[in-house]
Protein chains: 2
Amino acid sequence: MYTYEYPRPSVTVDIVVYGYDGGKQLKMLLIERGGEPFKGHWALPGGFVDLDEDLETAALRELEEETGVKDLFVEQLYTYGAVNRDPRGRVISVAYFSLVNLQDHPAVASSDATKAEWFPLNELPELAFDHSDIIKKANERLAAKVRYQPIGFELLPAEFTLGQLQQLYETVLNVESFNKRNFRTRILRTGILEEVGRQQNVAHRPAVLYKFNQETYKKLAEQRDGGVLRRALDFEI
Amino acid sequence: MYTYEYPRPSVTVDIVVYGYDGGKQLKMLLIERGGEPFKGHWALPGGFVDLDEDLETAALRELEEETGVKDLFVEQLYTYGAVNRDPRGRVISVAYFSLVNLQDHPAVASSDATKAEWFPLNELPELAFDHSDIIKKANERLAAKVRYQPIGFELLPAEFTLGQLQQLYETVLNVESFNKRNFRTRILRTGILEEVGRQQNVAHRPAVLYKFNQETYKKLAEQRDGGVLRRALDFEI
DNA sequence: TCAAAAGTGTTCAAGCTACACCCATGG
DNA sequence: CCATGGGTGTAGCTTGAACACTTTTGA
């Protein structure tokens, strides 16, 4: 038992993991809760933070314990602390956000306690706690992020075609289709893609395979953060 | 005394408040700590979250208690939870972010316990805890925010000239000077400014005074969030 | 030889940048 | 009448959007 002079909340982490398999839908990793509250409901992976581990460490640990998915980059999303968000008492949850490609992280371990599953984004079940709020915010973050960062780093396999990249963007931004010509021009102009070969055995003209050049990307990102603004003001209003 | 089956961290809030007075420097609101740890050091306003109040409520309450500043909009910034960030034990802090104009919030109450003061951003003292990390992140957020949101809503008095608005942007983005012509064109094109009069008694051609039109801004923001993208992809890299 | 997807050339309009210039006021 | 900051016209270039077209492969 642990005793304190003032009352303290519990602190948890929840992780929103998006997966992409090349199709027209992103997927999200959910678990079925094995215990109360919300037993039997689907929820985001997550759990209580140990006192001797950082928040991000806790997120990765819980994710692996509950779903078997590991070795991914997470980014903090938002912290949820409404007084009554958890029937067990005051629970403050730090939400994390991650992108993975399903080729690298297909295995979803079903431990004895929990069942884990990838759901298409437009077919999510009803969720426990305020997890649908968290997902809503994560969706907004993703849509914003895709505008200024090459999310393909994480969502696509190491080598991919421009067609796959375009399909991914159309999926994430939920648009019919970009103009192929313009998409290619813009992406290639950035210089963050590097040719690595050609497709084999496809029933059409084989596409050039590309990989992301992390170094070039970092240089460009530094320039941006260093104040070399392409436009003085954007007012993307 | 409060007893729990598992150990729990303490949870605090910290608030980064930027103030603007029309000059070439933004200011930040800091308090001098009256107790240990870091007694006598400067720090962000903040404190422990009560179990029956939301996080944002706690942030506003602590801010008013410590500095007398109230009635402002805050936005969540980031949550800091490194294991050893506080010598008192495991303390997780949810940081908030706010913009105010110093005309409306000049009074900085010095309660018996704490001293509060506005510091120019480039003359900040050494800070307690990991508060300089928090401020660094807040600065990044501010620089990003200014690109896509009219921060003048909060930082300027109700009526202002385009010259003042431009001075603000130059201050926040830390650039020498924008081209006046282009700045005016871009801002006015958005339609979020509304003429409300003219300057009086100035030793030069009196400028038109503007105010922000919140309604027009909301409409535009909804359009943007609703998917009407001005450009398909930005890659502001 | 056909279907399918990759990949290119080019036009037109919109937007950004830069520079030069005029305007109104108080001292 | 001048210093000061407000305010405007416009040329030249860059970028974005759109469309039509050619290329390469396996079946």
Side-chain angles (χ1 to χ4, degrees), chain A residues 22-24 147-148 152 156 159-171 173 175-191 193-211 220 224 227-237, chain B residues 22-24 147-148 152 156 159-171 173 175-191 193-211 220 224 227-237:
Chain A
K24 292 200 186 303
R147 306 290 307 280
Y148 65 89
L156 288 174
E159 303 187 350
F160 53 87
T161 69
L162 287 179
Q164 290 172 323
L165 187 62
Q166 180 169 352
Q167 172 68 57
L168 167 62
Y169 273 86
E170 288 166 4
T171 298
L173 290 173
V175 294
E176 263 309 292
S177 78
F178 292 142
N179 180 289
K180 188 176 40 161
R181 182 65 169 109
N182 303 335
F183 182 84
R184 301 171 75 86
T185 306
R186 291 181 85 136
I187 295 282
L188 291 176
R189 190 181 47 200
T190 65
L193 296 189
E194 200 177 319
E195 285 193 32
V196 288
R198 298 205 146 256
Q199 275 184 326
Q200 305 282 330
N201 304 317
V202 285
H204 54 76
R205 176 171 171 177
V208 171
L209 292 170
Y210 291 90
K211 67 167 186 173
L220 289 168
R224 178 187 54 184
V228 182
L229 304 176
R230 216 180 68 200
R231 277 183 294 278
L233 270 187
D234 217 327
F235 279 123
E236 180 66 54
I237 292 177
Chain B
K24 292 200 188 301
R147 306 290 307 281
Y148 64 90
L156 289 175
E159 303 188 351
F160 53 87
T161 68
L162 287 180
Q164 290 172 322
L165 186 62
Q166 180 168 350
Q167 172 69 57
L168 167 62
Y169 273 86
E170 288 165 5
T171 299
L173 290 174
V175 294
E176 263 309 292
S177 79
F178 292 143
N179 181 290
K180 188 175 40 159
R181 182 66 170 109
N182 303 334
F183 183 82
R184 302 171 75 87
T185 306
R186 291 180 85 136
I187 296 283
L188 291 176
R189 189 182 48 200
T190 65
L193 296 189
E194 199 175 318
E195 284 194 32
V196 288
R198 292 200 153 263
Q199 275 183 326
Q200 305 283 329
N201 303 316
V202 286
H204 53 75
R205 175 172 175 178
V208 172
L209 292 170
Y210 292 91
K211 67 167 187 173
L220 290 167
R224 178 188 54 184
V228 183
L229 304 177
R230 216 180 68 202
R231 279 182 294 278
L233 270 188
D234 218 327
F235 279 125
E236 181 63 53
I237 292 175

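We name chains A, B, ... by the order of the sequence lines, and we start the count at 1 in each one.
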- Query: With sequence neighbours left out, what residues match B:T161 under side-chain contact (heavy atoms from CB on, under 4.5 Å)?
  - Reply: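 Once residues adjacent in sequence are excluded, the partners of B:T161 under the side-chain contact (heavy atoms from CB on, under 4.5 Å) criterion are B:Q164, B:Q199, B:A207, B:L209.
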- Query: Tell me: CZ of A:R198 to P of C:dA6, nearest whole Å?
  - Reply: 12 Å
- For atom CG of B:N201 and atom C1' of C:dG27, their distance in whole Å: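 Atom-to-atom, B:N201 to C:dG27, this comes out as 13 Å.
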- Task: Could you pick out which residue, A:Q200 or B:V208, lies toward the 5' side of DNA chain D when each is mapped onto its nearest nucleotide?
- Result: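 Here B:V208 is the residue nearer the 5' end.
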- Please round to the nearest 0.5 Å and tell me the distance separating atom CD of A:E194 and atom NZ of A:K211. 4.5 Å
- Toward the 5' end of DNA chain C, which comes first, B:H204 or A:L188, by nearest nucleotide? A:L188
Using nucleotides 19-23 of chain C, report all nitrogen or oxygen pairs with the protein that are shorter than 3.5 Å.
| from | atom 1 | to | atom 2 | distance (Å) |
| --- | --- | --- | --- | --- |
| C:dC23 | O4' | B:R205 | NH1 | 3.1 |

- Item | Axial bend angle, the helix from C:dT1-D:dA27 to C:dG27-D:dC1: five-pair end segments, nearest 10° |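 Here the helix ends are tilted 10° relative to one another.
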- Can you tell me if A:E170 uses its side chain to pair, donor with acceptor, with the backbone of A:F178 under 3.5 Å? yes
- N or O in side chain of B:R186 less than 4.0 angstrom from C:dT17 OP1/OP2: yes
Which atom pair, heavy atoms only, marks the closest approach of [X] to [Y]?
{"X": "A:V208", "Y": "A:E195", "answer": "CG1-CG, 3.5 Å"}
{"X": "B:F160", "Y": "B:L193", "answer": "CZ-CD2, 3.9 Å"}
{"X": "A:L162", "Y": "A:Y210", "answer": "CG-CE1, 3.5 Å"}

